[in-house]
Amino acid sequence: MIEHAHVRPEDAVEQSERRWAYVVAGVVAFMFAVIIYSGVHWAAQPPSNVETIDASRLHLAGEFMESNLGTEVRPDGSVIVRVIAEQYSFVPACIVVPADTQVVFRVTSPDVVHGFLITGTNVNSMVVPGFIAEVRTRFDAPGDHLMPCHEYCSVGHEGMWARVKVIDRQEFAQSYGSQPRASCAGQ
Ligand code: CUA
C-alpha cells in the first residue's frame, strides 16, 4: 500500500487550504507591490478630488460655459485649462499652454464617459458626466502633443481627439497674454 493512503482526509484538506492561502497572500502582496511601485516610481496617483456638476446645464451657465473654455492665466502665473469632452470632440480642439508652468486641467462631459490623455505625459483620466476631472501637471519643454479620447464613447470615438501645443513662456505671454481665455483652435 502506498503511504499517502494513510493521510486522514481532513488533514489533506487542511494542507491544501493552507497551500492556497499562501498563494492568495502572495497574489495580494504582489498587487500591493505593483500599486506602491507605480504610485511612487511612476507618479501615477489616482485622482484625489470628487467634484460634481450638473451635466445638463454645462453650456448655459457656470464654469464650463463656452466663453470660459480654454486656457486662463491666474494671478500667480499658473494656468488653468477648462475643457469639455463631448460626442465627438473636445472643446477647444487645440489647447495652448506655456512650458515650465504649473497647469491644472479641469474637464467634464455633457453626455457619456470619455477619456482624457495627453501623449508623452502621465496625464490620463476618465471624464464622467456629472463629475469634474482635475489633473495637475507641468510641461518641461515646448512641443506638440496629441490628446485622443481613450474611452469608447460610441460610433465617432475614433475621430475624437485634440491637440496640445506647449510653447515657450515668453511666447505665450506675447501671443496670448491679453486674451481672457486662450486656445489655438482654428489656427
Ligand atoms: Cu469620446 Cu471616445
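When a ligand or atom number is given, it counts from 1 through the structure's own listing order. All values below were derived from every heavy atom in this structure, side-chain atoms included, with hydrogens, water molecules and symmetry-related copies excluded.
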Quiz item: atom 2 (Cu) of ligand 1 to Glu158: any N/O/S contact under 2.8 Å?
Solution: no
Quiz item: Aromatic rings Tyr176 and Phe172: how do their planes relate, parallel, tilted or perpendicular, breaks at 30° and 60°?
Solution: tilted
Exercise. Would you check if His157 and His114 make a side-chain contact, meaning some heavy-atom pair closer than 4.5 Å?
Key: no
Practice problem: Just to the nearest 10 degrees, tell me the angle at atom 1 (Cu) of ligand 1 spanned by Cys149 SG and Cys153 SG. | Solution: 120°
Practice problem: Describe, in one word, how the ring planes of Phe105 and Phe139 are oriented to each other, choosing from parallel (under 30°), tilted (30 to 60°) and perpendicular (over 60°). | Solution: perpendicular
Quiz prompt | side chain to side chain contact (heavy atoms under 4.5 Å, CB included) between His41 and Ser38, intermediate numbers included | solution = CA-CA 5 Å; His41 182 76; Ser38 50; over 6 Å; no
Quiz item: Has Met160 got an N/O/S atom less than 2.8 Å from atom 1 (Cu) of ligand 1?
Solution: yes
Quiz item: Is atom 2 (Cu) of ligand 1 less than 2.8 Å from an N/O/S atom of His157, whether that atom is in the backbone or a side chain?
Solution: yes
Quiz item: By atom name, which N, O or S atom of Glu151 is the nearest to atom 2 (Cu) of ligand 1?
Solution: O
Quiz item: Under a 4.0 Å N-O cut-off, is there an ion pair linking Arg74 with Glu72?
Solution: no
Quiz item: Just wondering, is there an N, O or S atom on His114 that's nearer than 2.8 Å to atom 2 (Cu) of ligand 1?
Solution: no
